[in-house]
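Just so you know, residue 1 is the first one in the sequence shown, and it goes up from there. It should be emphasised that the depicted structure is a prediction, and the values quoted were computed from it without experimental measurement.
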Amino acid sequence: MSLRDKIEHAIQNQPCMVKDLKAKFGGDRAADRKVMEALDELVHDAVVCQKSGVFFTARSGRAEKALLCKVVKLGKNFAFVMLEDESGDIFIPGRFTRGAMPGDSVLVEKFAHPRVEGSDEGEILAVLEQKNDMVGTVRRIEGRLKFVPDDCPAISMTIQRDCEGGAKDGDKVAVEILQRGTRQEDHRVGVSMRFGSCEEAKRCAKALLYAKDIHTRFPEKVRDEAKKFEDMTVSEEDCKGRMDLRALPIFTIDSAETKDIDDAVSLTRLPGGGYELGVHIADVSHYVKPGSELNEEAFNRATSVYYADQVVPMLPKSLSNGICSLNEKELRLAFSCLMRLDQDGNLTDYKFVKSIICSRVKGVYSEINALLAGTADAETQAKYAEVLDQLPAMKELYAHRARLRKERGCIDFESGEVKLILDENGHCIDVKKRTSGESEAMIEEFMLLANQCAAHFARVKQIPFVYRVHEEPNAEKLERGKHGAKLVIAFDALGDGGEEVCGRFVHDGHFIGECRVEQEVGFVFKRRDIGLFAAAYICPHFEGLCRIRAAEVEVAHRAADESEPCALKAYFTVELNVAACGNIELEGVGVLLGYYIVKCVYAFEY
């Protein structure tokens, strides 16, 4: 059999890359050249074709069906890959993974007859791009040091003896795959960095940041540019052209540990009834200019990252904790949303202004909750003396807004949050549940109202905006839910004037989820408004920018000015990944939602 025939036969049995053919039929430079000549002939004669560097026999038609994907999950005997357009995933049985690792770009062929009807299953034909750097833990297994990756702990890979880098059993390390085998367990790795013991939370957090390519240190040019903001104060020149709101009793509310304070509130009762609510955001855009090193770095980082008891800020601390932080008793430049509401809490007017403010007090949620409940001690009451008169009005306004939200039929998904308690050595010694009180709900409602105003302003002015949306589940996913692959429960909201959808999701007697009012679930970013199938509002974030999202500096703070109330339509959906094998009930409503798929449709307005 000629070399050409051998290559054609090999490709017919299994699509191949050039390196596979050279490994099988080549060996030295001359032999490799003959392989390439034979392959060129086959391509020229249209016997074989290639897609993304993988060769197929032309008559098989497999090239057209092959899909570009990325490995997103790896278990001991399976993998999941995500389609290039992220429209869905494909299950890969273990023997068809070809040694691929999470993050690898791969070419996949779906099975014509999957084992589970209605599911997507397939095999990896080739690894196109390898992701060879990983983070995990060193373990001594059967006398050898092995590496267990964090993102696929069911497998282990041998560390080459001459590349152990001083690592020992229990160390968190970063490694590089030096040699790949046909199975994941056959790969050989070398240690490139040690972080310390996996028993220390701080070491694990450092390893996690490294794995996600999150840098704690700013580049030198950014640090140099940030130096001019150290100990900076607001000058009279800075105040020109801004609305002077220093007379308003403005104050901030955050957790006791917060150092980067980026939003504040104020409330004034209007003559004849009604309220003027102010949400004041640190005006980062005044200091971080387009084209600057700070702006470019903030764009690359996109957001501050909170982990364990630490934070990696989006901007250097001279800004995030300094001039861009609404610190107590210090003049600050702000972007203010001033909203007027009637005596029943309905929004009647609003405007956005560049302002100069001075926060009267650094509020703490737990202390505000005590003041609202009437249980605060004398010391706490003295601390809040300058803003104490606002709190009853704020509580009153929040009650109106909560009532209006309930009348609209909004759904809220609330899951318990926990806080890790670390000792001085970074060891986790306790886990406590975070508790939210009235002040947290109150501030969230006020911030959300400012977001609505920003959204409406952008719509009225037809400003190009990035919309956060959650599209309606496609028919295929809904159908697959009936077969137990994925259960989808979809609400568009409440029936007009019907019962409130509020309670707990229960699957065969077991609690699987809870819903109350309106928390955004599962959004994606789009450049066009396709309707919001997910939450009560189309909301760009008019929120704090010194530690939140760089995109908001660009989109929200470099846009708004003035506006008016609006009426929008929206929908809500929630997806629960549980095995569908029984009834789903929503406790607290007293109705059986039925088997597998429930969809109640209602479009509300505000």
Side-chain angles (χ1 to χ4, degrees), residues 16-20 22-24 52-54 69-82 91-108 123-217 307 426:
C16 302
M17 300 182 75
V18 169
K19 64 179 182 178
D20 301 322
K22 286 182 177 180
K24 191 169 185 177
S52 300
V54 180
C69 301
K70 178 170 284 190
V71 180
V72 293
K73 174 71 176 177
L74 179 65
K76 188 170 182 63
N77 299 306
F78 69 92
F80 278 97
V81 299
M82 179 67 70
F91 176 80
I92 311 293
R95 65 182 181 277
F96 297 112
T97 61
R98 293 179 67 86
M101 297 298 296
D104 283 356
S105 294
V106 295
L107 199 64
V108 172
E123 67 172 309
I124 294 176
L125 300 177
V127 177
L128 306 178
E129 293 181 20
Q130 299 175 348
K131 184 180 183 299
N132 287 323
D133 54 312
M134 294 178 293
V135 168
T137 307
V138 175
R139 295 297 184 193
R140 186 168 293 279
I141 302 173
E142 297 177 351
R144 289 289 304 272
L145 285 182
K146 300 221 172 175
F147 171 74
V148 179
D150 284 346
D151 50 7
C152 42
I155 68 170
S156 61
M157 292 173 279
T158 300
I159 302 174
Q160 288 191 183
R161 292 189 187 278
D162 58 344
C163 298
E164 293 177 354
K168 56 185 183 293
D169 187 23
D171 277 355
K172 295 296 295 186
V173 297
V175 304
E176 183 178 352
I177 299 178
L178 304 175
Q179 179 183 339
R180 288 207 176 204
T182 56
R183 302 181 310 134
Q184 288 81 6
E185 288 83 357
D186 296 334
H187 300 341
R188 296 292 182 267
V189 304
V191 175
S192 57
M193 185 176 294
R194 294 169 55 202
F195 300 103
S197 172
C198 67
E199 298 298 321
E200 295 184 35
K202 289 184 178 180
R203 304 297 183 183
C204 294
K206 188 176 180 180
L208 180 60
L209 293 176
Y210 180 88
K212 301 300 181 182
D213 198 29
I214 297 170
H215 305 284
T216 56
R217 186 173 174 80
Y307 67 99

I'd like a table of donor-acceptor pairs (distance under 3.5 Å, sequence neighbours excluded) in which one partner is a side-chain atom from residues 183-191, with atom names and distances.
from, atom 1, to, atom 2, distance (Å)
Arg183, NE, Asp186, OD2, 3.3
Arg183, NH2, Asp186, OD1, 3.2
Gln184, NE2, Thr97, OG1, 3.3
Gln184, NE2, Ala100, O, 2.8
His187, ND1, Gly181, N, 3.0
His187, ND1, Arg183, O, 3.4
His187, NE2, Gly99, O, 2.8
Arg188, NH1, Asp186, O, 3.1

Side-chain heavy atoms of Met101 within contact of Leu74, under 4.5 Å: yes
For Gly165 against Arg194, the heavy-atom pair lying closest together: O-CD, 3.2 Å
Lys146 atom NZ: more than 12 heavy-atom contacts under 6.0 Å: yes
Euclidean distance, Ser197 OG relative to Lys168 NZ, rounded to 0.5 Å: 7.5 Å
Euclidean distance, Met157 CE relative to Phe147 CZ, rounded to 0.5 Å: 5.5 Å
Side-chain heavy atoms of Phe78 within contact of Lys73, under 4.5 Å: yes
Side-chain touch Glu123/Arg95, heavy atoms, less than 4.5 angstrom: no
pair Glu176-Cys163: side-chain heavy atoms closer than 4.5 Å: no
Nearest atoms (heavy-atom pairs only) where Ala174 meets Phe195: N-CE1, 3.6 Å
Distance-only donor-acceptor hits, side chain of residues 124-141, under 3.5 Å, sequence neighbours excluded:
from, atom 1, to, atom 2, distance (Å)
Gln130, OE1, Asn132, ND2, 3.3
Lys131, NZ, Asp133, O, 2.9
Asn132, OD1, Arg180, NE, 3.1
Asn132, OD1, Arg180, NH2, 2.9
Thr137, OG1, Lys172, NZ, 3.3
Arg140, NH1, Gly143, O, 3.1

Atom pair CD/CZ of Gln160 and Arg144 - distance to nearest 0.5 Å: 9.0 Å
Spatial distance of atom OG (Ser156) from atom CG (Leu145) [nearest 0.5 Å]: 11.5 Å
Chi angles and distances behind the side-chain contact (heavy atoms from CB on, under 4.5 Å) call for Ile92, Val81: CA-CA 7 Å; Ile92 311 293; Val81 299; 4.0 Å; yes
Value rounded to 0.5 Å, distance of SG in Cys204 from CD in Glu199: 8.0 Å
